Amino acid sequence: MKFFLDTADLAEIEEAASWGALAGVTTNPSLYARIGGKLADFENHIARICEIVDGPVSAESVAMTRDEIVEDGRRLAAIAPNVVVKVPTMVEGLAATRTLADEGIPVNMTLCFTVPQALLAARAGARYISPFIGRFDDISEDGLDQLANVVDAINNYDFTDNTVNGEKIEIIAASVRSANHVTQAALMGADIATVPFGVLKKMVSHPLTDRGLESFMKDWEKVQNA
Ligand code: G3P
(Lines give C-alpha, C1' and ligand atoms only; values in the text may rest on other atoms or scores of the structure.)
Protein backbone atom coordinates (compact mmCIF):
# COMPACT_ATOMS: atom_id res chain seq x y z
CA MET A 1 0.00 0.00 0.00
CA LYS A 2 1.16 3.51 -0.83
CA PHE A 3 0.24 6.58 1.21
CA PHE A 4 -1.10 9.85 -0.11
CA LEU A 5 -1.87 12.88 2.03
CA ASP A 6 -5.43 14.20 1.70
CA THR A 7 -4.89 17.91 2.20
CA ALA A 8 -4.15 21.22 0.51
CA ASP A 9 -2.09 22.49 3.47
CA LEU A 10 1.49 23.15 2.34
CA ALA A 11 2.95 22.90 5.86
CA GLU A 12 1.36 19.47 6.36
CA ILE A 13 2.57 18.32 2.94
CA GLU A 14 6.13 19.54 3.58
CA GLU A 15 6.18 17.85 6.98
CA ALA A 16 4.74 14.55 5.71
CA ALA A 17 7.07 14.56 2.68
CA SER A 18 10.06 14.92 5.04
CA TRP A 19 9.09 11.61 6.72
CA GLY A 20 10.14 9.76 3.59
CA ALA A 21 7.02 7.65 3.03
CA LEU A 22 4.73 10.00 1.13
CA ALA A 23 3.81 8.85 -2.39
CA GLY A 24 1.33 11.54 -3.42
CA VAL A 25 -1.31 14.10 -2.45
CA THR A 26 -5.03 14.41 -3.07
CA THR A 27 -6.88 17.70 -2.82
CA ASN A 28 -10.49 18.68 -3.32
CA PRO A 29 -12.42 21.98 -3.36
CA SER A 30 -13.34 21.67 0.33
CA LEU A 31 -9.74 21.06 1.38
CA TYR A 32 -8.61 24.12 -0.62
CA ALA A 33 -11.39 26.23 0.93
CA ARG A 34 -10.37 24.97 4.41
CA ILE A 35 -6.92 26.57 4.08
CA GLY A 36 -8.48 29.87 2.92
CA GLY A 37 -7.48 29.24 -0.71
CA LYS A 38 -8.41 31.85 -3.33
CA LEU A 39 -9.42 31.07 -6.92
CA ALA A 40 -6.68 33.30 -8.36
CA ASP A 41 -3.99 31.35 -6.45
CA PHE A 42 -5.30 27.87 -7.15
CA GLU A 43 -3.02 26.87 -10.02
CA ASN A 44 0.09 28.25 -8.28
CA HIS A 45 -0.88 26.37 -5.15
CA ILE A 46 -1.17 23.08 -7.05
CA ALA A 47 2.17 23.84 -8.73
CA ARG A 48 3.78 24.33 -5.32
CA ILE A 49 2.39 20.99 -4.05
CA CYS A 50 3.72 19.33 -7.20
CA GLU A 51 7.20 20.68 -6.43
CA ILE A 52 7.14 19.39 -2.87
CA VAL A 53 5.78 15.92 -3.63
CA ASP A 54 7.57 13.36 -5.73
CA GLY A 55 4.38 11.61 -6.86
CA PRO A 56 0.89 12.17 -8.22
CA VAL A 57 -1.05 15.23 -7.04
CA SER A 58 -4.81 15.16 -7.58
CA ALA A 59 -6.43 18.50 -8.46
CA GLU A 60 -10.19 18.48 -8.88
CA SER A 61 -12.27 19.84 -11.74
CA VAL A 62 -15.31 21.76 -10.55
CA ALA A 63 -17.01 21.76 -13.96
CA MET A 64 -20.32 19.97 -14.51
CA THR A 65 -20.33 19.25 -18.27
CA ARG A 66 -18.03 16.89 -20.16
CA ASP A 67 -16.57 19.61 -22.39
CA GLU A 68 -15.85 21.89 -19.45
CA ILE A 69 -14.35 19.03 -17.41
CA VAL A 70 -12.07 18.16 -20.33
CA GLU A 71 -11.06 21.81 -20.66
CA ASP A 72 -10.42 22.00 -16.90
CA GLY A 73 -8.50 18.73 -17.04
CA ARG A 74 -6.20 19.90 -19.82
CA ARG A 75 -5.53 23.17 -17.95
CA LEU A 76 -4.83 21.35 -14.67
CA ALA A 77 -2.61 18.74 -16.35
CA ALA A 78 -0.53 21.55 -17.88
CA ILE A 79 0.42 22.82 -14.39
CA ALA A 80 2.96 20.03 -13.78
CA PRO A 81 3.74 16.54 -15.10
CA ASN A 82 2.60 14.92 -11.84
CA VAL A 83 -0.91 16.42 -11.82
CA VAL A 84 -3.79 13.92 -11.81
CA VAL A 85 -7.19 15.34 -12.71
CA LYS A 86 -9.84 14.51 -10.15
CA VAL A 87 -13.25 14.02 -11.75
CA PRO A 88 -16.55 13.18 -9.98
CA THR A 89 -18.18 9.85 -10.77
CA MET A 90 -21.18 10.95 -12.84
CA VAL A 91 -22.20 10.66 -16.49
CA GLU A 92 -20.45 13.85 -17.59
CA GLY A 93 -17.41 12.83 -15.55
CA LEU A 94 -17.21 9.41 -17.20
CA ALA A 95 -17.38 10.92 -20.67
CA ALA A 96 -14.69 13.47 -19.81
CA THR A 97 -12.52 10.76 -18.25
CA ARG A 98 -12.57 8.77 -21.49
CA THR A 99 -11.41 11.81 -23.47
CA LEU A 100 -8.70 12.77 -20.95
CA ALA A 101 -7.44 9.17 -20.63
CA ASP A 102 -7.24 8.88 -24.45
CA GLU A 103 -5.07 12.02 -24.38
CA GLY A 104 -2.77 10.39 -21.80
CA ILE A 105 -4.01 12.61 -18.95
CA PRO A 106 -4.44 10.55 -15.75
CA VAL A 107 -7.80 10.83 -14.00
CA ASN A 108 -8.71 10.04 -10.39
CA MET A 109 -12.46 9.32 -10.31
CA THR A 110 -13.72 10.62 -7.01
CA LEU A 111 -16.97 10.52 -5.04
CA CYS A 112 -17.11 6.83 -5.90
CA PHE A 113 -19.29 4.81 -3.52
CA THR A 114 -20.47 1.64 -5.25
CA VAL A 115 -19.18 -1.28 -7.28
CA PRO A 116 -21.04 -0.25 -10.46
CA GLN A 117 -19.60 3.27 -10.18
CA ALA A 118 -16.09 1.86 -9.74
CA LEU A 119 -16.42 -0.53 -12.69
CA LEU A 120 -17.75 2.25 -14.92
CA ALA A 121 -14.87 4.50 -13.83
CA ALA A 122 -12.42 1.74 -14.70
CA ARG A 123 -14.03 1.14 -18.10
CA ALA A 124 -13.98 4.87 -18.82
CA GLY A 125 -10.19 4.81 -18.45
CA ALA A 126 -9.65 6.14 -14.93
CA ARG A 127 -6.06 5.77 -13.72
CA TYR A 128 -7.24 5.92 -10.08
CA ILE A 129 -10.60 5.14 -8.47
CA SER A 130 -11.38 6.67 -5.08
CA PRO A 131 -14.01 4.77 -3.08
CA PHE A 132 -14.99 6.76 0.02
CA ILE A 133 -15.07 5.02 3.39
CA GLY A 134 -15.91 7.59 6.07
CA ARG A 135 -18.88 9.17 4.34
CA PHE A 136 -20.61 5.77 4.34
CA ASP A 137 -19.88 5.48 8.07
CA ASP A 138 -21.36 8.99 8.49
CA ILE A 139 -24.73 7.69 7.26
CA SER A 140 -24.50 4.53 9.41
CA GLU A 141 -23.42 2.22 6.61
CA ASP A 142 -20.18 0.25 6.63
CA GLY A 143 -17.67 2.06 4.44
CA LEU A 144 -15.08 -0.71 4.81
CA ASP A 145 -17.55 -3.32 3.50
CA GLN A 146 -18.22 -1.11 0.51
CA LEU A 147 -14.48 -0.68 -0.11
CA ALA A 148 -13.96 -4.45 0.11
CA ASN A 149 -16.63 -4.95 -2.55
CA VAL A 150 -14.97 -2.44 -4.86
CA VAL A 151 -11.53 -4.05 -4.41
CA ASP A 152 -12.97 -7.53 -5.11
CA ALA A 153 -14.96 -6.40 -8.12
CA ILE A 154 -12.09 -4.50 -9.76
CA ASN A 155 -9.72 -7.44 -9.13
CA ASN A 156 -12.24 -9.82 -10.74
CA TYR A 157 -11.48 -8.29 -14.13
CA ASP A 158 -8.41 -7.73 -16.21
CA PHE A 159 -7.82 -4.03 -16.60
CA THR A 160 -4.26 -4.50 -17.89
CA ASP A 161 -5.22 -2.91 -21.21
CA ASN A 162 -6.78 -0.09 -19.26
CA THR A 163 -3.63 1.94 -18.63
CA VAL A 164 -2.80 5.61 -18.82
CA ASN A 165 0.78 6.24 -19.98
CA GLY A 166 1.46 2.51 -19.42
CA GLU A 167 0.45 2.59 -15.76
CA LYS A 168 -2.19 0.31 -14.28
CA ILE A 169 -5.40 1.34 -12.57
CA GLU A 170 -5.10 1.74 -8.77
CA ILE A 171 -7.70 1.93 -6.01
CA ILE A 172 -7.33 4.79 -3.54
CA ALA A 173 -9.09 4.25 -0.21
CA ALA A 174 -10.45 7.76 0.43
CA SER A 175 -12.45 9.52 3.12
CA VAL A 176 -10.22 7.78 5.65
CA ARG A 177 -10.94 8.72 9.25
CA SER A 178 -8.74 6.37 11.32
CA ALA A 179 -5.63 4.20 11.37
CA ASN A 180 -7.96 1.20 11.51
CA HIS A 181 -9.47 2.25 8.17
CA VAL A 182 -5.92 2.09 6.78
CA THR A 183 -5.28 -1.33 8.35
CA GLN A 184 -8.47 -2.81 6.92
CA ALA A 185 -7.96 -1.19 3.50
CA ALA A 186 -4.43 -2.65 3.34
CA LEU A 187 -5.69 -6.13 4.29
CA MET A 188 -8.22 -5.91 1.46
CA GLY A 189 -5.48 -4.97 -0.97
CA ALA A 190 -6.41 -1.36 -1.72
CA ASP A 191 -3.39 0.05 -3.58
CA ILE A 192 -3.29 3.43 -1.87
CA ALA A 193 -4.75 5.12 1.19
CA THR A 194 -5.15 8.88 1.09
CA VAL A 195 -5.20 10.14 4.64
CA PRO A 196 -5.58 13.44 6.50
CA PHE A 197 -2.44 14.56 8.34
CA GLY A 198 -4.05 13.77 11.71
CA VAL A 199 -4.57 10.15 10.68
CA LEU A 200 -1.02 9.91 9.30
CA LYS A 201 0.34 11.01 12.69
CA LYS A 202 -1.80 8.39 14.46
CA MET A 203 -0.54 5.72 12.04
CA VAL A 204 3.05 6.27 13.23
CA SER A 205 2.44 6.03 16.93
CA HIS A 206 1.47 3.36 19.42
CA PRO A 207 1.43 3.54 23.27
CA LEU A 208 3.65 0.43 23.46
CA THR A 209 6.20 2.13 21.21
CA ASP A 210 6.17 5.17 23.53
CA ARG A 211 6.42 2.98 26.63
CA GLY A 212 9.24 0.91 25.12
CA LEU A 213 11.15 4.01 24.11
CA GLU A 214 10.79 5.50 27.57
CA SER A 215 12.21 2.37 29.24
CA PHE A 216 15.08 2.12 26.71
CA MET A 217 16.00 5.74 27.45
CA LYS A 218 15.85 5.20 31.24
CA ASP A 219 18.00 2.06 30.99
CA TRP A 220 20.49 3.87 28.76
CA GLU A 221 20.83 6.57 31.42
CA LYS A 222 21.75 3.77 33.89
CA VAL A 223 24.41 2.54 31.44
CA GLN A 224 25.86 6.05 31.16
CA ASN A 225 26.02 6.47 34.93
CA ALA A 226 27.38 2.96 35.64
O1 G3P B 1 -10.33 13.43 -1.01
C2 G3P B 1 -11.61 12.91 -0.90
C3 G3P B 1 -11.91 12.33 0.45
O4 G3P B 1 -10.79 11.74 1.00
C5 G3P B 1 -12.62 13.28 1.36
O6 G3P B 1 -12.74 12.76 2.64
O7 G3P B 1 -13.18 13.13 5.03
O8 G3P B 1 -14.14 14.74 3.35
O9 G3P B 1 -15.05 12.44 3.56
P10 G3P B 1 -13.84 13.29 3.71
Side-chain angles (χ1 to χ4, degrees), residues 1-13 16-17 21-37 42 45-46 49-50 52-53 55-64 69 72-73 76 79 82-90 93-94 96-97 106-114 117-118 121-122 126-151 154 169-186 188 190-203:
M1 170 174 269
K2 290 180 278 189
F3 300 112
F4 289 3
L5 200 61
D6 197 27
T7 187
D9 186 311
L10 293 179
E12 289 181 352
I13 295 166
L22 188 66
V25 165
T26 51
T27 67
N28 64 37
S30 304
L31 293 170
Y32 188 58
R34 196 175 297 165
I35 57 150
F42 181 66
H45 194 82
I46 295 295
I49 297 174
C50 289
I52 300 169
V53 181
V57 173
S58 290
E60 189 154 344
S61 165
V62 287
M64 294 301 285
I69 297 170
D72 249 7
L76 292 169
I79 295 174
N82 50 335
V83 164
V84 171
V85 181
K86 220 172 176 190
V87 174
T89 310
M90 58 180 185
L94 288 172
T97 294
V107 170
N108 172 2
M109 287 221 88
T110 187
L111 290 170
C112 176
F113 292 89
T114 67
Q117 285 180 314
R127 168 75 179 80
Y128 301 94
I129 305 171
S130 290
F132 280 31
I133 303 171
R135 291 194 193 184
F136 264 121
D137 295 352
D138 292 344
I139 59 161
S140 303
E141 288 189 38
D142 193 327
L144 286 169
D145 277 355
Q146 302 291 341
L147 174 66
N149 289 341
V150 168
V151 171
I154 292 292
I169 192 165
E170 288 178 286
I171 296 173
I172 305 178
S175 187
V176 168
R177 304 278 163 77
S178 66
N180 183 53
H181 276 169
V182 177
T183 302
Q184 302 308 322
M188 288 165 200
D191 303 286
I192 297 157
T194 190
V195 300
F197 190 55
V199 171
L200 189 69
K201 284 195 280 189
K202 284 184 182 149
M203 286 162 56

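Note that ligands are numbered from 1 as they come in the structure, with each ligand's atoms numbered from 1 the same way. Just so it is clear, the values below take in all heavy atoms, side chains as well, and ignore hydrogens, waters and symmetry mates. Since the structure is predicted, the reported quantities are computational estimates derived from the model, not experimental observations.
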[X] to [Y] - nearest heavy-atom pair and separation:
X    : Y    : value
S61  : D72  : OG-OD2, 2.8 Å
A122 : I169 : CB-CD1, 3.4 Å
A118 : I154 : O-CD1, 3.8 Å
A179 : V199 : N-CG1, 4.0 Å

Neighbouring protein residues of ligand 1 - any heavy atom closer than 4.0 Å: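 Those residues closer than 4.0 Å to ligand 1 by some heavy atom are D6, N28, K86, F132, R135, A174, S175, R177.
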Quick check: do F136 and P131 have side-chain heavy atoms less than 4.5 Å from each other?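 No, side chains not in contact.
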Can you list the residues that meet the side-chain contact (heavy atoms from CB on, under 4.5 Å) rule with D191, with sequence neighbours excluded?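 Scan of D191 (side-chain contact (heavy atoms from CB on, under 4.5 Å), adjacent residues dropped) gives E170, I171.
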